[in-house]
Every structure is written in C-alpha cells, then in structure tokens.
Amino acid sequence: MKQTIIGLALCAVLAWGVWQQRPEPVHNDVVHRELFALGTLIQISVAGHIEPAVMNQAQAALTDLETRWSVLGDGDLAQLNKTLQTQTSAPLPSTLQAGFAAARQLCLDSGGRFDPGVGDLVRLWGFDDEDHFRTTPPPADQLNAALQQRSSLCDSHIDPQTVVVDQVPARFDFGASAKGRAVDEVIALLQAAGIHNAIINAGGDIKVIGRRAQRAWRIGIRHPRPVDGRTMLASLQVHDGEAIFTSGDYERFFIDNGVRYHHILDPRTGLPAMGSQSATVLHSSAERADAAATALFVAGAQDAASVMQQMGVDSWLLVDANGRLHASDAMRARIPDLASQ
Ligand code: AMP
Ligand code: MG
C-alpha cells in the first residue's frame with residue numbers, strides 16, 4: 001500500500017511538472033486536465049481558453065480539500081477525529097466549519113440516512129482504507145458495540161467553532177459529501193477567474209457551467225450491473241449550474257457467501273443498505289447532490305420520494321436491489337428513453 005501511495009505521489013509530482021511546462025491538451029476547443037484526488041480520477045474540462053495558472057489553482061484547491069477532509073493521514077478532519085477519541089468536545093478549525101454545518105443540515109434533512117457519524121462503522125467494515133480491506137463481515141458483537149457507541153452528526157452540537165458529540169469515541173467520515181463540496185468549490189473558483197463554460201467529472205460525478213461550444217454538456221449514468229457490453233443506464237444533457245451524482249454498490253464491496261457487502265451503510269443498522277444498486281440525484285449544489293445520492297441509496301424505493309422531497313431534490317433515479325428503475329417525474333422528463341426500461 002505504502003509503495004502504491006509513494007508511486008501515485010511520484011506520478012502526481014511528475015505529472016505536475018509536465019503540466020507546468022506544456023500547454024493543456026486541447027480537443028475540439030476543450031482544454032482538459034486530469035488528476036487523482038478525493039479517491040478518484042478527476043477531469044476538469046473548460047470550453048475555450050483558460051490560463052494555465054487558473055488550472056493550477058483548481059488542481060491545488062482539490063489537493064488541499066482532499067487533505068482537509070480525509071479520515072486518513074493528519075489533515076484537519078483526521079486530527080479532529082483523534083481528539084474525539086477521548087474528548088466529547090473539539091475545536092472546529094475554520095477550514096471545516098462550513099462543511100460541518102452544511103453536513104449536519106443535510107443529515108437532518110435526510111432523516112439521518114446521510115450521516116457522517118458512521119466513521120467507526122465504515123472503519124469496522126474496512127471501507128475507509130485499502131489496508132483495512134475485509135472479505136467477511138465484522139463480528140456481530142463488534143458491529144453492535146460500534147452502533148451503540150456512535151455519535152450522529154444530526155445530534156452533535158456545532159457552535160460554530162467547536163463540535164460537541166454525545167459520547168466518545170466518535171469519528172466523522174465525509175466520504176459521502178466532501179467530493180460534492182470540493183466540486184462546488186472548484187466550479188466557484190473557475191467562475192471567479194472568468195470561466196463560463198466548464199465541466200468537472202469526478203469519477204462519474206459531475207457539475208457543469210455553461211455549454212460545450214454550441215451544445216449542452218452530455219453525460220452518461222453508469223449501469224450498476226452492465227450486461228452485454230451495455231455500460232450506461234442512461235444519458236442526459238446537463239445544463240448550466242447543474243450537478244449530477246451517483247452512489248452505487250459497485251464502487252467498494254466484497255462478496256461473501258453470495259452476498260454483496262458494500263460501502264454505503266444504513267446508519268440505523270450499521271449494515272450495508274441492501275435495498276438499492278444505485279442512486280442518482282440532480283441538483284444545483286454538488287454537495288447536496290452527493291449527500292442526497294447516498295441518502296436515496298439508503299432510503300430505497302419505498303421511502304425515495306418522501307426523502308428526496310425533504311432534501312429539496314426534484315430529479316432522482318433509483319435502481320432497486322432487483323434491478324427495477326424508480327424515477328421522479330422531473331427525471332423522467334429529462335431522460336425520455338427511461339420510459340422504455
Ligand atoms: P457515496 O459514494 O457518496 O455514497 O459515499 C459513500 C462513502 O461515505 C463511504 O465510503 C463511507 O466513507 C461514507 N458513508 C457510508 N455510508 C454513509 C451514510 N449512510 N452516510 C454518510 N456517509 C456514509
Ligand atoms: Mg454521496
């Protein structure tokens with residue numbers, strides 16, 4: 001693992017050096033840059049001209065956000081989690097305050113289905129780090145203990161310079177919303193630099209501004225169980241200021257005795273949420289879309305409409321555990337070929 005990280009870091013440094021010296025690759029008047037951050041390949045594409053210095057700023061912002069929100073290493077969140085191992089109250093650095101407040105509201109809006117207070121459960125399941133990877137579920141007594149001990153972000157107090165939790169040890173994991181927040185921040189950075197037409201693709205999760213030349217940006221939603229070479233569930237045009245995020249049980253999982261155990265946990269049971277294969281949400285805020293996709297996955301088909309309404313989401317799409325599609329009218333209007341599926 002260490003070697004992989006060192007290898008990746010070396011590649012990043014080399015790639016960075018190359019990017020500093022060469023003009024950005026341009027295809028059909030779209031300038032691209034790719035980097036590895038927040039656990040995924042991120043592609044920033046800008047239609048028209050962009051100063052290399054602005055691209056460099058966007059890249060640096062992503063690297064900085066990754067360190068800030070990672071549960072591993074010794075960035076801001078990791079240090080806060082260390083304090084919360086033994087103390088119920090910890091100073092919240094200015095870099096984390098807005099993200100914590102936004103996530104607490106999203107936790108409440110989702111009825112606790114999106115809850116960064118699942119940190120210890122995620123760790124117990126081994127989904128926080130490749131080094132912790134498991135091939136069987138954790139023992140039931142350990143799961144029950146972690147479930148009883150956990151502090152929900154919904155119930156935590158943010159003042160805003162301090163966070164106070166119910167009980168220790170507590171651990172927050174922002175894996176379900178930090179990518180969305182980072183995408184919003186980078187889009188804002190590009191806009192502040194006068195860029196009006198761009199798309200950020202963070203491993204299939206997307207936000208766009210403006211258009212691609214004369215056309216709207218067009219994106220595909222991944223099929224959770226590709227069959228006969230069909231890798232896309234649907235495709236749609238994404239318009240100025242829209243984000244579209246998907247949570248899927250295919251991203252991180254192991255199979256034991258024919259059961260797929262994946263990384264999206266139901267905070268109420270401590271177990272992977274079993275009612276869905278993938279959940280997609282469209283919203284103007286990438287942070288809300290990210291959290292809501294996770295919440296929709298946990299909600300499953302039965303609660304989908306009410307939870308999405310509570311979260312202020314009009315356009316959503318869910319593939320349930322049997323592979324059946326459920327979608328809001330607003331999403332169906334965006335994807336006419338859904339009707340035939
Ligand atoms: P996503 O792919 O956006 O659905 O985020 C999944 C990641 O968020 C997991 O890898 C965990 O780190 C964390 N996570 C898992 N379940 C939840 C949940 N119910 N609420 C908040 N975060 C979660
Ligand atoms: Mg999410």
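Counting starts at 1 for both ligands and their atoms, following the listed order.
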At a 4.0 Å threshold, what atoms of ligand 1 neighbour a non-hydrogen atom of Pro267?
19 (N)
Just distances here: any N/O of Asp266 and N/O of ligand 1 closer than 3.5 Å?
no
Walk me through whether Arg268 and Arg113 qualify under side-chain contact (heavy atoms from CB on, under 4.5 Å).
CA-CA 8 Å; Arg268 298 159 299 184; Arg113 291 168 182 86; 3.6 Å; yes
of all protein heavy atoms, closest to atom 7 (C) of ligand 1 is Gly175 C, 3.8 Å
If you have a sec, work out which protein heavy atom is nearest atom 13 (C) of ligand 1 and how many Å separate them, to one decimal?
Asp173 OD1, 3.8 Å
Contacting atoms of ligand 1, where contact means under 4.0 angstrom from a heavy atom of Glu251
2 (O)
Proximal ligand 1 atoms for Asp290, defined as those under 4.0 Å from one of its heavy atoms
3 (O)
Part of Arg113 within contact of ligand 1 (heavy atoms, under 4.0 Å):
backbone
Any nitrogen or oxygen of Leu265 lying under 3.5 Å from a nitrogen or oxygen in ligand 1? Just yes or no.
yes
More than 12 heavy atoms from other groups under 6.0 Å of NE2 on His132:
yes
Partner residues of Arg150 under the salt bridge (charged side-chain N to carboxylate O under 4.0 Å, His left out) criterion, sequence neighbours left out
Asp115
Out of curiosity, is Lys179 lining ligand 1, as in a heavy atom under 4.0 Å away?
no
Just distances here: any N/O of Ala176 and N/O of ligand 1 closer than 3.5 Å?
yes
Beyond-backbone contact of Tyr250 with Arg260, side-chain heavy atoms, under 4.5 angstrom
yes
Mind checking whether Thr136 and Asp256 have side chains closer than 4.5 Å, heavy atoms only?
yes
Judged by modelled atom types alone, do Arg104 and Ser156 share a side-chain donor-acceptor pair under 3.5 Å?
no
Aromatic rings Trp69 and Phe174: how do their planes relate, parallel, tilted or perpendicular, breaks at 30° and 60°?
tilted
For the side-chain hydrogen bond (donor to acceptor under 3.5 Å, both in side chains) test, which of Thr40, Asp184, Asp205 pairs with Lys179?
Asp205
Got more than 12 heavy atoms from elsewhere within 6.0 Å of CD, Gln85?
yes
Suppose we measure from atom 20 (N) of ligand 1 to each protein heavy atom; which comes out shortest, and what is that distance?
Asp115 N, 2.9 Å
When you compare the side chains of Thr231 and His223, does any donor N or O come within less than 3.5 Å of an acceptor on the partner?
no
The Mg ion (ligand 2): protein N, O or S atoms that are less than 2.8 Å away, sorted by chain:
Ala176 O, Asp290 O, Asp290 OD1, Thr294 OG1
Is the number of heavy atoms from other residues, nucleotides or ligands within 6.0 Å of CD (Gln302) greater than 12?
no
Counting heavy atoms only, which of Ile264, Val122, Val298, Leu296 is nearest atom 11 (C) of ligand 1?
Val122
Asp141, CG: over 12 other non-hydrogen atoms inside 6.0 angstrom:
yes
Ignoring hydrogens and geometry, is there a side-chain-to-backbone donor-acceptor pair from Glu251 to Gly248 under 3.5 Å?
yes
Could you check atom 6 (C) of ligand 1 against the protein and tell me its nearest heavy-atom contact, residue, atom and distance included?
His263 CD2, 3.6 Å
Taking atom CG of Asp329 as the centre, report whether more than 12 heavy atoms of other residues, nucleotides or ligands fall under 6.0 Å from it.
no
Ligand 1 contact by Ala293, heavy-atom criterion under 4.0 angstrom
no
Numbering the atoms of ligand 1 from 1, which are under 4.0 Å from a heavy atom of Arg252?
10 (O)
How far is atom 17 (C) of ligand 1 from its nearest protein heavy atom, and which residue and atom is that?
Val118 CG2, 3.8 Å
